[in-house]
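The next block holds one structure in the form of structure tokens; read it before the comments.
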Amino acid sequence: MANKVLDRVRDLLPAIGERAVTAEQERRVPAETIRELTEAGVFRMLQPSRFGGAEESPVAFYEVIRTIATVCPSTAWVSSVLGAHPWQLALFDPRAQQDVWGEDPDTLVSSSYAPTGKLTPVDGGFEMSGRWSFSSGCDHADWAFLGAVVPNDKGGADYLTVLVPRADYRIEDVWHVSGLSGTGSNDIIVEKAFIPAYRTYSAADQSALVGPGQEVNTAALYRISFASVFSNTITAPIIGAAQGAYESHLRRQRERVRLSYGGQKVADDPFAQVRIARAASEIDAAILQQERNISEQLRYAEAGEEIPYELRLRTRRDQVRGTERAIYAIDLLFENSGGHSIRKPNVIERNWRDAHAGNAHVINDVERALAMYGQGEMGVEVTERMV
């Protein structure tokens, strides 16, 4: 199936690449880039059709994100996160969807899912306070998904994702980092905001792959695993960063072959050739597994069948391995480029920093995800909610 958004995005790549340095310097994606990506339809790819969305497959969405990341991983990271949130909002109560998109279907939502906020039950909903970090692209959003816990009647606590309007929080500029510096992943602070109950979504429903929004958004897209969609939302720009480094490295190596280097053809270096082959294979494997797993989940959903838990575990296994493969590939390319790789501005240098920064995201905890898969294969109950 043709990916029309991808065709539009490819036309934007030269300008996005030229603004990559500006994004790093300003520590946020330029507003002009967000406007262009909005017009290209990137942020509506996973949005419900009832609000002007395309209801595209995440496979097509991830391809767009990887492509953007080849020239600017920070822009791709923000595009991926902000572009995935319409998918989650589609699972919320229809009233929450109307609150966000009723007047402007291009309204964006940022997030910070760590449950660092406190919810106190009040009449009609909750009172909320707290501070949340790492809200990528928050300067471009008018709403935010924030994680919080609330006591339950069993003596424990329930985890909720809470939808909060910009009027009820402030952004604190704290984003001074070595990688993904263009993402503007600043802190969000809420002080005693009232949250209607319908603007919350429970982790229990999330794990069960259900949500009140499914009554009005009936596409199969909205019946696949949140953990699979979100985790691959983080991995896609990292794979794309490795792709961009690979393309940049090849262009330089081909030019060196053409001109020769020190009287010796670079093409005579078998070690450089092997590194290129290994990097290419790792990137291909990461993409192929990502696309296979999401496509299989969609096939089950389209058939109205339950998605096997084994497939959900495999999707998480391959997601963290996809990140790991991309990091290995970009490390090979960085080393193979020698002193050239540390010069600024440089696609390999920037993409290497950004990929490693993305790898630090908690969703890329390799051992945790692989242990879950191993437990499942051994018949041990998996209690981790991000599956």
Side-chain angles (χ1 to χ4, degrees), residues 3 6 9-10 13-14 16-17 20 58-77 80 179 231-261 264-295 314-315 317-343 346-359 364 366 370:
N3 191 334
L6 180 62
V9 164
R10 283 186 175 132
L13 291 183
I16 293 174
V59 171
F61 175 68
Y62 297 142
E63 184 179 18
V64 168
I65 297 305
R66 293 194 306 266
T67 301
I68 297 170
T70 61
V71 297
C72 183
S74 284
T75 297
W77 185 277
S80 196
S231 62
N232 279 285
T233 290
I234 297 304
T235 291
I238 298 173
I239 298 173
Q243 285 181 284
Y246 182 81
E247 293 166 5
S248 177
H249 182 70
L250 273 190
R251 284 194 296 270
R252 183 166 184 272
Q253 295 307 311
R254 288 169 178 165
E255 182 65 12
R256 292 177 71 196
V257 168
R258 187 179 70 82
L259 298 175
S260 84
Y261 182 76
Q264 179 183 9
K265 293 290 186 182
V266 179
D268 293 336
D269 182 356
F271 302 105
Q273 298 160 4
V274 168
R275 292 186 189 111
I276 287 172
R278 287 187 185 279
S281 179
E282 296 293 346
I283 293 168
D284 282 350
I287 295 171
L288 289 169
Q289 288 186 313
Q290 184 178 70
E291 294 184 342
R292 177 190 70 162
N293 291 326
I294 296 299
S295 294
R314 192 185 79 194
T315 303
R317 178 200 72 184
D318 292 343
Q319 172 264 317
V320 293
R321 286 290 290 123
T323 295
E324 198 171 48
R325 290 180 192 278
I327 294 296
Y328 176 63
I330 204 166
D331 281 351
L332 283 175
L333 298 166
F334 188 84
E335 294 165 6
N336 210 37
S337 294
H340 172 77
S341 63
I342 62 174
R343 297 182 183 274
N346 182 320
V347 171
I348 294 178
E349 180 271 337
R350 180 173 60 246
N351 287 24
W352 181 85
R353 283 188 291 108
D354 288 349
H356 278 271
N359 186 41
N364 289 321
V366 177
L370 296 187

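Residues: numbered from 1 along the sequence shown.
Residues satisfying the salt bridge (charged side-chain N to carboxylate O under 4.0 Å, His left out) criterion with R10, sequence neighbours excluded, are D7. Every residue meeting the side-chain contact (heavy atoms from CB on, under 4.5 Å) condition with A280, not counting sequence neighbours, appears here in chain and number order: Y246. Every residue was checked against the salt bridge (charged side-chain N to carboxylate O under 4.0 Å, His left out) condition with E63, not counting sequence neighbours, and none meets it. For N232, the side-chain hydrogen bond (donor to acceptor under 3.5 Å, both in side chains) criterion is met by Q290, not counting sequence neighbours. Judged as a salt bridge (charged side-chain N to carboxylate O under 4.0 Å, His left out), and not counting sequence neighbours, the contacts of R353 are E24, E349. Residues satisfying the side-chain hydrogen bond (donor to acceptor under 3.5 Å, both in side chains) criterion with T235, sequence neighbours excluded, are Q319, T323. Residues that satisfy the side-chain contact (heavy atoms from CB on, under 4.5 Å) test with V347, not counting sequence neighbours, are S248, R350, N351. In terms of the side-chain contact (heavy atoms from CB on, under 4.5 Å) criterion, residue partners of S295 (sequence neighbours excluded) are, by chain and number, V59, R299. Every side-chain hydrogen bond (donor to acceptor under 3.5 Å, both in side chains) that S337 has, sequence neighbours left out, goes to H249. Under the side-chain contact (heavy atoms from CB on, under 4.5 Å) criterion, T75 pairs with I16, V29, T33, L37, I68, C72, S79, not counting sequence neighbours.
Proximity of E324 to Y328: side-chain heavy atoms (C-beta onward) are nowhere separated by under 4.5 Å. The closest side-chain heavy-atom distance from R292 to D318 is below 4.5 Å. Using a 4.5 Å heavy-atom threshold, the side chains of I238 and N364 count as touching. Taking 4.5 Å as the limit, some side-chain heavy atom of D331 sits within range of a side-chain heavy atom of W352. Contact check for R254 versus L250: side-chain heavy atoms found under the 4.5 Å cut-off.
Proximity of a side-chain donor or acceptor of N359 to a complementary backbone N or O of A355 within less than 3.5 Å is not detected. Although no hydrogens or angles enter the test, the distance criterion places no donor-acceptor pair under 3.5 Å between the side chain of N336 and the main chain of I276.
Between A236 and Y62 the shortest heavy-atom distance is CB-CD2, 3.9 Å. Taking each heavy atom of T70 and T67 in turn, the nearest pair found is OG1-O, 2.6 Å. Contact detail for A329 and A279: the closest heavy-atom pair is CB-O, 3.7 Å. Heavy-atom minimum distance, A76 versus P237: CB-CB, 4.0 Å. Taking each heavy atom of P58 and I294 in turn, the nearest pair found is CB-CG2, 3.8 Å.
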#### Entry: Verdict with supporting geometry, W77 and I65, side chain to side chain contact (heavy atoms under 4.5 Å, CB included)
CA-CA 8 Å; W77 185 277; I65 297 305; over 6 Å; no
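Once rounded to the nearest 0.5 Å, the distance linking CD1 of I283 with CD of E247 reads 8.5 Å. To the nearest 0.5 Å, the span separating CG on L332 from CD1 on I327 amounts to 11.5 Å.
The salt bridge (charged side-chain N to carboxylate O under 4.0 Å, His left out) analysis of residues 275-284, with sequence neighbours excluded, yields the pairs E282-R325.
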